[in-house]
Novice: 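Following this message is one structure expressed as structure tokens.
Quick note on labels: first sequence line is chain A, next is B, and so on, each numbered from 1.
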Amino acid sequence: MTLRVLAIDDSLTIRNLLHAALSEAGFEVHFAEDGSQGLERLEEADPHVVITDINMPVLDGFGFIESVRRQHPDRPVPILVLTTESSPALKERARRAGATGWIVKPFDEARLIGAIERVAAR
Amino acid sequence: MKDTQTESTNRNGELVAFQVSGQDFCIDIMSVREIRGWTETTILPHAQDYVKGVINLRGAVVPVIDLSSRLGLGPTEPGPRHVIIITMIDGRTVGLLADVVSDILSVADAALQPVPDIASESARAYVSGVIATDQGMLRKIELARLLPASRPEVA
Amino acid sequence: MSGNDLREAFFQECEDLLEALQEGLQQIDSPEHDPETVHAVFRAVHSIKGGAGAFGLDALVQFAHRFETVLDRLREGEISADGPTIKLFYRAGDHLSDLVAMARSGDDAAEPDGAELLGALDELAGDAEDEDLSDLSFQPMTLDLDMIGAPDPDAACEKAGQSASGAARWLIDFTPTAALYASGNDPALLFRSLAQLGALTVHADTSGVAPLETAEPGPPGLRWQLELETDAALPDILAVFEFVEGMCGLEITPAADSLYGEDGPKPALPDNAAPGEATAIDAASASDPTAAANDETSPPADAGAGGPDGHDSAPPPATPANVPGSPPMNGPTNGGKATGAPQPTIRVNLDRVDRLINLVGELVIKEAMLAQSIAQLELPNDSSLHAGLDGLKQLAGDIQEGVMAIRAQPVKPMFQRMFRIVREAAAATGKQVRLDVQGEHTEVDKTVIERLVDPLTHMIRNAVDHGLETPEERLGAGKPAEGRVMLSAAHRSGRVMIEISDDGGGVDRERVRAIAERKGLVTPGADLTATEIDNLLFLPGFSSKDQVSNLSGRGVGLDVARSEIEALGGRVLITSRAGAGTTFSISLPLTLAVLEGMVVEVAGQTLVLPISVIQETLQPSSVAIHPLGRDSHVLANRGDLVPLVDLGARLGYRSEPPVLDDRVLLIVQLDNGRRGALVVDRIHDQRQVVIKSLERNYGQVKGVAAATILGDGRIALIIDPDEVIGAGAEPPPGDMPAAATG
């Protein structure tokens, strides 16, 4: 079964990079450009794993995660936070919002795929 | 339209020979894109008298130079028998009006001789060398010199 | 996408981000700004950093990081955006832009010196910078072992029972909290990962309520005791628990011996088995949010543990887009001042667009040829062929318009660049300058914009360098010390007008005349109007290095700027009022590709005039024509005396016709606001024509804007009425040097 990933990032460059890496790994990738769009795409994409940026317009990564957790308490889809920071405080904040884990940018492909595989139940 | 497509190749030293006002000239085949029959041109205002106007070459606007006039041999009254040799000169596409294309020939560089001193001033201005053939003398035209030094009317 | 494409896409995105940054800074600089703007500025820099990191552009990453750190403090309200700070941000934005350009060209030799800037930024960053310094290197995340309370890995390895194969046995005591489940983590998946490291045995301890200090208050969790035999090192084992640290009790110790003996349950964990299945523990359903949430009305099991505070009792909203509550770092989500969702866009290689435009151009020409052939058939008016042709014409027109719209871009990015030009020119001259822009959403063909950047830069710089006075001079003249440069764009009758004006001292005409006379550009004492004097500034050779006043330097590059604009089919006009300032007006075609034209015949030649300039057509017999001087005529039209010009004669096709009967007069509007009357022989048609460059293979021709191809395949010239008539746009009389050299 093809693993479906919803990737949310306002940076086209990051989306491009994710697309290159995840398609290569044989994943089905859906994209959104901010948290609000991410919420909209969540239903149709029905992802096994969500990857989201933190700093985004309209609805940021924390807000997105909180909304997902609030809206789907019965279905804790794994959400990985993409972040350029690796400070414990930021991770703590992501976790409090309900994040499953994190990927530090710039990611290398193996770690990215590894992190997704680690949290994906399929 | 009777197009004679002349593919430019890597063969060295090939020349396209043609006649202008009864004299034999030639140019490097590498500069030649194609040879077309005469078509009516659109006259350009304020142009030099050797500029016959412009023609439509597959959507591009290409000026036509009357070689005879440019070489000081008098203006041509072009008719259906005349040809336009489409050339590339310094990145520009330019048509050259000639009487007839006579030959494509291969000539070693060694056969190219300097222009004799007795040649007229206008001939020396555009001819970079001469080649003796069985039929007579071919004058090799230096294409870059045919165009006006600068694009006209920039002021 | 190849790696290079990705990289190029990144740099293209950088352009957008730098523009957003620039725009955001200007908004912050204005009296009332939306707090969201600061976030947008932060995000722009942050995104550049993120992308740059992916491509290993270290210099860019480092600087963006420093800048971002300061912006973060601004965002958090720890510093305020006062004048000097904003100035610093502008400079930092410029520097960032330079670094991007440098990274794009790969020319790191030209690294701009940012030491002083960095120092200033670091000063603003304060303590925050120190905390974040560790992030600069962007090393892949390593686990902080202390946080998990694991023993020193080396020591642990020594203690772990080493098997002959080098594999060690580890005991893992793992107690997940409800928050772990709620975060989307799943013990089964952790075990699956562990099983990939080696042989894993799993034991579930149901003995009681979580006794561990680390457990969050909440429903009782399961306690798992695992035994892993692996040759992986401790950090690899810890990495499995990377995401759940703090959400579970975790103790990893080297095994001296098997904990459970032979009678302990040791089910090998199948790859896809959930822990509940493997161990069949009742308590699993109690701690599993999946089970708990079967009852829709009950709050999630993790209330207070990991979920967002204060939202647990709220029912989920019906529509996903309607997000209740304010996200922590953003302004209003919907309906607020934040801009609406951006239209989705795609990036297309320009070659493809241009190919499409060329094809559409050919289509339009073919359509015209077809129309001409059909006209020659002299079919009855009700022929279906006419209707079909009309439909085709309409379609071709619509397609053309649609394709042209692809190339149209707002002038905004170009205008944004001018802020920097103004800042730099102001800094270089010690003047205080404010740039105001208007009409930045005006759309123009991409190529026009690209080729306009250089001349516009020249003119903006000139406005600051030479148009504006020094602060002292301004104060002395009763003006505010800060000078203004205004840049505006607008569509006007099928063309784009761009104006650059300053509120400086205006052209010093006496001085300009004196310089021109000294340089032999005009005959001394020639009778020159004010406009003619102003236009001297555009003459090549007007300016020189031995200029004595700053005013004389106004000519620097203006002649070049003007010819660049004229090469685009544009024109520049200068107007100036002493003491009040100078305005340069640039008039440009909307597109370089098509033109709505009137096809006329003059002296047997077919010519095209832009419809946009034609005000009316007249019969010569209906108007009064007066001789003026020896060869000139004017006609009275709407209270004006309009100069009469025979198009054929002016283009050198014929001599002035003695009788105008049977000819047609076209009243045209000129750029300088005046009008003229052109004599033509016949009006053929009105149609859209595809503009073809005459310059590409030939050069510019006075009075001719471009060429086009008509239905019969012949070339027709497109006339520039301003050049044909426009004595006003001509250089003034006098001893002009021979035509400029190319």
Novice: Which bit of A/L82 is near chain C, if near means a heavy-atom gap under 4.5 Å: side chain, backbone, both or neither?
Specialist: neither
Novice: Indicate the atoms forming the closest heavy-atom contact of C/S183 with A/R69, along with that distance.
Specialist: O-NH2, 2.8 Å
Novice: With only heavy atoms counted, which part of A/D9 is less than 4.5 Å from chain C, the side chain, the backbone, both or neither?
Specialist: neither
Novice: Name the region of A/V77, side chain, backbone, both or neither, that has any atom closer than 4.5 Å to a heavy atom of chain C.
Specialist: backbone
Novice: Cation over ring, A/R4 on A/F27, under 6.0 Å and within 45°?
Specialist: no
Novice: Of all residues at least two apart in sequence or in a different chain, which pass the ring-ring contact (aromatic ring centres under 6.0 Å, His included) check with A/F64?
Specialist: none
Novice: Measure distances from C/F55 to the heavy atoms of chain A and classify the residue's part below 4.5 Å as side chain, backbone, both or neither.
Specialist: side chain
Novice: Who passes salt bridge (charged side-chain N to carboxylate O under 4.0 Å, His left out) against C/D16, sequence neighbours left out?
Specialist: C/R347
Novice: Under 3.5 Å, is there a donor on one side chain and an acceptor on the other for A/N55 and C/R75?
Specialist: yes
Novice: Quick one: what part of C/A40 sits under 4.5 Å from any heavy atom of chain A, side chain, backbone, both or neither?
Specialist: neither
